[in-house]
Amino acid sequence: MNAALPVDVLKQHLIDPEICIRCNTCEETCPVDAITHDSNNYVVDPDICNGCMACVPPCPTGSIDNWRLVVRAQAYTLADQLGWDELPREEALPEAAAAVLPPADATAPEPPANVAYTAAGASVPPWSAAHPYVNLYTHKTPVTATVVGNYRVTGADTDSDIHHLVLDFGELPFPVLEGQSIGILPPGVDAQGRPHHARQYSLASPRDGERAGYNNLSLTVKRVTEDHQGNAAHGVCSNYLCDLAKHDTVQVIGPFGQTFLMPNHPRANLIMICTGTGSAPMRAMTERYRRRIDTGENGRLMLFFGARTERELPYFGPLMKLPRDFIDINLALSREASQPKRYVQDLIRERAADVLGLLADRNTCIYVCGLKGMEVGVLDALREVTMQSGQDWTILHDVLRREGRLHFETY
Ligand code: A2P
């Protein structure tokens with residue numbers, strides 16, 4: 001009898017479409033461009049993925065961490081994966097393949113030593129961050145929250161319609177930390193007749209609630225009326241949320257996020273850099289600090305906030321009422337008639353001495369949230385101010401990422 005021929009077995013990397021919130025983090029993180037997506041799913045190309053695991057720690061939901069042993073020649077194709085609504089069941093391998101399987105502990109790809117960070121930021125939280133809960137509610141088990149507040153936080157005369165939405169969870173537990181996000185399931189179906197995917201929103205409120213002691217949280221939602229190229233587009237979830245009235249209910253999943261978290265030890269400093277609705281996590285962290293302003297535990301807060309004009313800057317009024325010795329506010333306005341155009345990175349350069357002072361302190365963490373385009377600009381500015389002081393940015397950047405002290409969330 002002929003012996004079975006050895007069969008090449010692949011530990012295939014797959015993304016769970018039921019848990020994935022389509023946040024694009026994995027695609028951005030993948031160092032070999034193995035991850036791609038269409039309007040339905042995020043998928044992994046079996047011919048490119050080398051199992052390096054770089055995408056696994058940054059994934060806010062854990063949907064990225066799925067693996068199937070398959071015969072390499074029968075690996076799930078991109079077309080297979082794009083059509084899935086759920087992961088396929090584990091299939092037993094043919095006997096010939098099982099016979100040549102490597103030992104069990106050798107099949108799991110080991111993360112390389114440098115996956116503590118993505119290209120730009122850390123993929124580990126600061127050492128003192130509190131433990132986050134994630135995925136308590138999923139697509140199959142969403143929680144119903146009630147709208148208890150919905151009001152506009154940008155000038156009524158501007159095109160920038162940004163809302164502050166407060167959701168109450170009643171008796172149901174929904175533990176969150178500043179920097180985490182939730183998913184909203186908009187009602188209705190997409191063009192293919194499938195239920196809409198969840199949309200991800202960062203929390204704008206601190207861990208103890210929008211109103212301290214209440215089981216509620218807040219979001220900062222911009223009504224989307226055009227795409228990134230400026231063409232007319234109707235944001236399914238943002239329009240749904242901005243139009244909600246008090247007492248309406250919404251389906252929520254999450255919470256998500258295990259790395260973009262604030263340090264929890266006394267006298268930690270925060271440098272917060274944001275544009276537009278990227279201010280949500282900064283508001284959450286600032287409010288956490290504000291609520292303990294009398295404890296003496298706070299470090300320094302330095303904020304760089306970019307918007308077109310003061311009237312288009314969400315929460316402008318309440319922000320400007322915060323005491324100057326509590327938070328160092330730097331507004332970068334790009335279209336204010338009376339002022340030269342400014343981006344956050346310009347102000348980082350202008351405040352180089354103070355930024356450097358904070359960077360020199362290991363208790364400082366940096367958070368960047370907002371437009372994708374500012375990521376490069378902010379990194380360039382940080383590099384420039386560091387190099388001007390005679391330090392090596394490559395080394396500092398490495399330290400900041402390894403120690404979970406530099407975090408990006410851009411879209
Ligand atoms: P701009 O006036 O050039 O669009 P938005 O209102 O679109 O959410 O943008 C928020 C702010 O971010 C605006 O001031 C916008 O300026 C600014 N911005 C746009 N591109 C960048 C970038 N690459 N880096 C930093 N800020 C940017």
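Remark: the backbone N or O of Val224 is paired with a side-chain donor or acceptor of Ser238 at under 3.5 angstrom. Using a distance-only test at 3.5 Å, with no hydrogens or angles considered, a donor-acceptor pair links the side chain of Ser205 to the main chain of Ser218. Using modelled atom types, no side-chain atom of Asp398 and backbone atom of Thr394 make a donor-acceptor pair closer than 3.5 Å. A donor-acceptor contact shorter than 3.5 Å links the side chain of Asn150 to the backbone of Leu244. At least one donor-acceptor pair under 3.5 Å links the side chain of Gln81 to the backbone N or O of Val44. With Tyr411 contributing its side chain and Gly278 its backbone, the two residues share a donor-acceptor pair below 3.5 Å. Between the side chain of Asp248 and the main chain of Ala245, a donor-acceptor pair closer than 3.5 Å is present. Proximity of a side-chain donor or acceptor of Ser279 to a complementary backbone N or O of Met282 within less than 3.5 Å is not detected. Looking only at distances, a side-chain donor or acceptor of Thr154 sits under 3.5 Å from a matching main-chain atom of Ile162. At distances below 3.5 Å, at least one donor-acceptor pair connects side-chain atoms of Arg68 with backbone N or O atoms of Pro88.
Expressed to the nearest 0.5 Å, how far OG1 of Thr286 lies from CD1 of Ile327 amounts to 4.0 Å. With values rounded to the nearest 0.5 angstrom, Arg199 atom CZ is found 6.0 Å from Cys237 atom SG. In this structure, NE2 on His407 lies 12.5 Å from CD1 on Ile273, to the nearest 0.5 angstrom. Here the straight-line distance linking atom CD of Glu28 with atom SG of Cys30 works out to 11.5 Å at 0.5 Å rounding. From Asn298, atom CG reaches atom CZ of Arg291 across 13.0 Å, with rounding to the nearest 0.5 Å. With values rounded to the nearest 0.5 angstrom, Leu322 atom CG is found 7.0 Å from Arg290 atom CZ.
For the pair Arg283 and Tyr315, the cation-pi test (distance below 6.0 Å, angle within 45°) is passed.
The environment of OH in Tyr214 is sparse: at most 12 heavy-atom neighbours from other residues, nucleotides or ligands sit within 6.0 Å. Dense packing is recorded around CZ of Arg152, with more than 12 heavy atoms of other residues, nucleotides or ligands lying under 6.0 Å away. Atom CE of Met320 is surrounded by more than 12 heavy atoms from other residues, nucleotides or ligands within 6.0 Å. Counting heavy atoms of neighbouring residues, nucleotides and ligands inside a 6.0 Å radius, atom CG of Asp159 does not exceed 12 of them. For Arg292, the CZ atom sits in a packed shell: over 12 heavy atoms of surrounding residues, nucleotides or ligands are nearer than 6.0 Å.
Side-chain contact annotation: Glu375 with Thr410, donor-acceptor N/O pair under 3.5 Å present. For the residue pair Asn363/Asp361, the side-chain donor-acceptor check at 3.5 Å is satisfied.
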Exercise for review: With salt bridge (Lys or Arg N to Asp or Glu O under 4.0 Å) as the test, would you mind laying out the steps for Glu350 and Arg342 before giving the verdict?
Suggested key: CA-CA 11 Å; Glu350 283 176 24; Arg342 282 274 195 281; 2.9 Å; yes
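Closest approach of Arg405 and Ala122 over heavy atoms only: N-CB, 4.3 Å. For the pair Val176 and Leu203, the tightest heavy-atom approach, listed with the atom from each and the gap, is CB-CD1, 3.3 Å. Between Val9 and Leu69, the closest heavy-atom pair is CG1-CD2, 4.0 Å. Closest approach of Leu319 and Arg324 over heavy atoms only: O-NH2, 4.0 Å. What you find for Thr61 and Cys20 is that their closest heavy atoms are OG1-CA, 4.4 Å. Pairing each heavy atom of Leu406 with each of His397, the nearest pair is CD2-CD2, 3.6 Å.
Counting only residues at least two apart or in different chains, ring pair (Phe, Tyr, Trp, His ring centres under 6.0 Å) contacts with residues 181-206 are absent. For the ring pair (Phe, Tyr, Trp, His ring centres under 6.0 Å) condition, no pair includes a residue of residues 286-313, sequence neighbours left out. Within the structure, ring pair (Phe, Tyr, Trp, His ring centres under 6.0 Å) pairs that include any residue of residues 11-33 comprise His13-Trp67 (at least two apart or interchain).
Considering Thr146, Val148, Ile184 in turn, Ile184 is the only one that fulfils the side-chain contact (heavy atoms from CB on, under 4.5 Å) rule with Leu167. Screening Ile64, Asn41, Leu87 for a side-chain contact (heavy atoms from CB on, under 4.5 Å) with Ile15, the sole residue that qualifies is Ile64.
Looking at Arg194 and Asp85, a side-chain N of the basic residue comes within less than 4.0 Å of a carboxylate O on the acidic one, giving a salt bridge. Classification of Asp328 and Arg351 as a salt-bridged pair holds, one side-chain N sitting under 4.0 Å from a carboxylate O.
Between His131 and Tyr133, the angle of the ring planes goes over 60°, which puts this pair in the perpendicular group of the 30/60° scheme. Between Trp84 and Tyr76, the ring-plane angle classifies as perpendicular under the 30° and 60° cut-offs.
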